[in-house]
Trainee: 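Before we start, here is the structure in question, set down as structure tokens.
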Amino acid sequence: MDELEKLKKRRNAIILAHNYQRPEIQDVADFVGDSLALAMKARQTDADVIVFCGVDFMAQSAKIINPDKIVLFPDETAKCPMAAMVDVDALLYWKKKYGYDIVSYINTTAEVKAISDICCTSANAVKVVKSMPNGVIFVPDENLGKYVKRFVDKDMILWPGFCPTHLGITKKDIIKLKEKHPNAEILAHPECTEEIIDIANEVASTEGMVKYAMKSSSEEFIVASEKDLCYRMKKEMPQKKFYAIENAVCPTMKKITLEKVIKSLEKMKPEIKISKEIIEKASIPLEKMLKIGRES
Ligand code: 13P
Ligand code: SF4
């Protein structure tokens with residue numbers, strides 16, 4: 001910890017971490033949040049260096065928003081499998097075929113963002129799709145797309161992408177926990193399947209779930225999302241109880257370790273590099289989304 005603090009000062013660095021990061025990473029981070037909050041924080045910071053503890057598309061977004069800053073990504077192999085499910089050529093083919101605007105979830109590569117009309121996160125997907133004049137092509141998460149469809153009267157062409165971690169959470173897992181803890185409210189991420197969304201008391205982004213639990217008068221919650229989100233919840237609300245789905249682990253998020261964070265600050269690498277052309281194009285849909293802000 002001492003070594004890390006010294007390095008952070010020396011480099012004028014800030015550590016940003018996603019809510020699914022390992023507990024020890026959440027503990028050393030200057031800021032922990034959802035994809036939207038992290039992108040907003042990356043834009044505000046006056047640090048020279050951002051150490052991004054999350055997955056590839058999140059670190060890339062921080063770089064796109066801050067092209068002049070150094071964005072360190074402690075493990076370059078931490079690539080979100082869902083973001084890898086969209087291929088630029090196939091998406092351009094869809095665009096030609098349907099003629100609709102492309103709404104891309106932030107869980108996409110910089111190249112896909114560069115051909116998108118607007119981005120969204122799970123914290124503003126409904127608001128973003130509502131803001132579009134016509135039908136949309138929604139990539140890559142089909143479950144998030146289906147969730148948005150419940151609130152908008154618009155043609156939405158959904159890409160068949162998915163999050164393996166959230167797809168693995170079953171209704172059976174939730175029912176089992178609910179039987180043990182009948183008073184617990186069910187919180188779910190919109191990347192979950194429809195059968196989970198249907199029984200959830202609240203569907204929200206990771207940050208949205210934290211905020212909901214803070215405001216709710218309930219004292220117990222079943223959390224249908226990645227299990228380490230419960231670490232943050234328990235830390236910030238020690239008086240409440242949070243039940244995680246123990247096998248809901250995102251292996252990619254866990255690739256970032258404390259040792260790798262320290263090493264990245266010592267060596268000032270691996271660094272996120274994106275071409276000027278892609279940054280210029282991808283920043284347009286990202287900035288449009290940042291202007292829209294959160295759902296409510
Ligand atoms: P949030 O934006 O809700 O934090 O979600 C990101 C993510 O990757 C969920 O799997
Ligand atoms: Fe990607 Fe799913 Fe991991 Fe989120 S939880 S980073 S969508 S694989």
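Just follow the structure's listing: the first ligand is 1, and inside any ligand the first atom is 1. Since the model is a prediction, treat every value here as computed from it, not as a measurement.
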Trainee: What I want to find out is whether K9 reaches E5 closely enough, with some N-O distance under 4.0 Å, to be called a salt bridge.
Mentor: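 Looking at K9 and E5, the cut-off is not met.
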Trainee: Which of the atoms in ligand 1, numbered in the order shown and given with their element, are less than 4.0 Å from a heavy-atom of D34?
Mentor: 1 (P), 2 (O), 4 (O)
Trainee: Can any side-chain N or O of E226 pair as donor or acceptor with the backbone N or O of C250 at less than 3.5 Å?
Mentor: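 Yes, because the side chain of E226 sits within donor-acceptor range (under 3.5 Å) of the backbone of C250.
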Trainee: What protein heavy atom sits nearest atom 8 (S) of ligand 2, and how far away is it?
Mentor: P81 CD, 3.4 Å
Trainee: If we set the cut-off at 4.0 Å for heavy atoms, which region of D141 has an atom near ligand 2: side chain, backbone, both, or neither?
Mentor: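 It is neither part, as no heavy atom is under 4.0 Å.
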Trainee: Could you tell me whether a side-chain N or O of K113 sits under 3.5 Å from a main-chain N or O of T108, the two making a donor and an acceptor?
Mentor: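 Yes; judged by distance alone, with no hydrogens or angles, the pair exists.
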Trainee: Considering heavy atoms of the protein only, find what lies nearest to atom 2 (Fe) of ligand 2 and give residue, atom and distance to 0.1 Å.
Mentor: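 Going atom by atom, the protein heavy atom closest to atom 2 (Fe) of ligand 2 ends up being C163 SG, 2.3 Å.
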Trainee: Counting from 1, what ligand 2 atoms have a heavy atom of E191 closer than 4.0 Å?
Mentor: 2 (Fe), 7 (S)
Trainee: State, without any angle test, whether S35 and Y105 hold a side-chain donor-acceptor pair at a distance under 3.5 Å.
Mentor: no
Trainee: At a 4.0 Å threshold, what atoms of ligand 1 neighbour a non-hydrogen atom of H166?
Mentor: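 Selected atoms, number and element: 10 (O).
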Trainee: Please confirm whether the backbone N or O of A47 pairs with a side-chain atom of K69, one donor and one acceptor, at under 3.5 Å?
Mentor: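 Yes; at least one donor-acceptor contact below 3.5 Å.
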Trainee: If the cut-off is 4.0 Å to any non-hydrogen atom of S205, which atoms of ligand 1 fall inside it?
Mentor: 3 (O)
Trainee: Would K291 and E287 pass as an ion pair if we require N to O under 4.0 Å?
Mentor: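 No.
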Trainee: For ligand 1, which part of S122 has a heavy atom less than 4.0 Å away: the side chain, the backbone, both, or neither?
Mentor: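 Side chain only; the backbone of S122 stays clear of ligand 1.
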Trainee: Quick one: are D117 and M132 in side-chain contact, heavy atoms under 4.5 Å?
Mentor: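 Side-chain contact under 4.5 Å: yes.
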Trainee: If you measure from each heavy atom of T252 to ligand 2, is any distance below 4.0 Å?
Mentor: no
Trainee: Indicate, as side chain, backbone, both or neither, the part of E226 found under 4.0 angstrom from ligand 2 when only non-hydrogen atoms are considered.
Mentor: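 Near ligand 2, E226 shows nothing, with every heavy atom at 4.0 Å or more.
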Trainee: We want to know whether S104 and S116 form a side-chain donor-acceptor pair, criterion being a heavy-atom distance below 3.5 angstrom.
Mentor: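 A donor-acceptor contact under 3.5 Å links the two side chains.
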Trainee: Backbone N or O of M253 within a donor-acceptor pair of the Q21 side chain at under 3.5 Å?
Mentor: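 Side chain of Q21 to backbone of M253: a pair is present.
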Trainee: So for H18, does at least one of its heavy atoms come nearer than 4.0 angstrom to any atom of ligand 1?
Mentor: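 H18 counts as a contact of ligand 1 under the 4.0 Å cut-off.
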Trainee: Looking only at protein heavy atoms, identify the closest one to atom 10 (O) of ligand 1 and say how far it is in Å.
Mentor: E191 OE1, 2.7 Å
Trainee: Among all the protein's non-hydrogen atoms, which is closest to atom 5 (O) of ligand 1, and how far away is it?
Mentor: H189 NE2, 3.3 Å
Trainee: For ligand 1, indicate whether the residue N107 contacts it via side chain, backbone, both or neither (heavy-atom separation under 4.0 Å).
Mentor: side chain
Trainee: Strictly distance-based, threshold 3.5 Å: is any side-chain N or O of Q26 a donor or acceptor partner for the main-chain N or O of D228?
Mentor: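 A pair under 3.5 Å: yes.
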Trainee: Can you tell me the protein heavy atom closest to atom 1 (Fe) of ligand 2 and the distance?
Mentor: C80 SG, 2.4 Å
Trainee: I'd like to know if C163 contacts ligand 1, where contact means a heavy-atom distance under 4.0 Å to any ligand atom.
Mentor: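 So C163 does not count as touching ligand 1.
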Trainee: Is there a nitrogen or oxygen of T206 sitting under 3.5 Å from a nitrogen or oxygen of ligand 1?
Mentor: yes
Trainee: Just to confirm my output: which protein heavy-atom neighbour is closest to atom 3 (Fe) of ligand 2, and how far is it?
Mentor: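 Of every protein heavy atom, C250 SG, 2.4 Å lies nearest to atom 3 (Fe) of ligand 2.
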Trainee: When you measure from the side chain of K255 to the backbone N and O of E76, does any donor-acceptor pair fall under 3.5 Å?
Mentor: no
Trainee: Contact between M233 and K240 at the side-chain level, heavy atoms closer than 4.5 Å - yes or no?
Mentor: no
Trainee: A side-chain contact here means heavy atoms from C-beta on lying under 4.5 Å apart; do D27 and Y231 qualify?
Mentor: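 In contact.
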Trainee: Within a distance under 4.0 Å of any heavy atom of S35, pick out the atoms of ligand 1 and give their elements.
Mentor: 1 (P), 2 (O), 4 (O), 5 (O), 6 (C)
Trainee: For ligand 2, which atoms have a heavy atom of N107 less than 4.0 angstrom away?
Mentor: 7 (S)
Trainee: Could you see which bit of E226 sits under 4.0 Å from ligand 1, with heavy atoms only: side chain, backbone, both or neither?
Mentor: neither
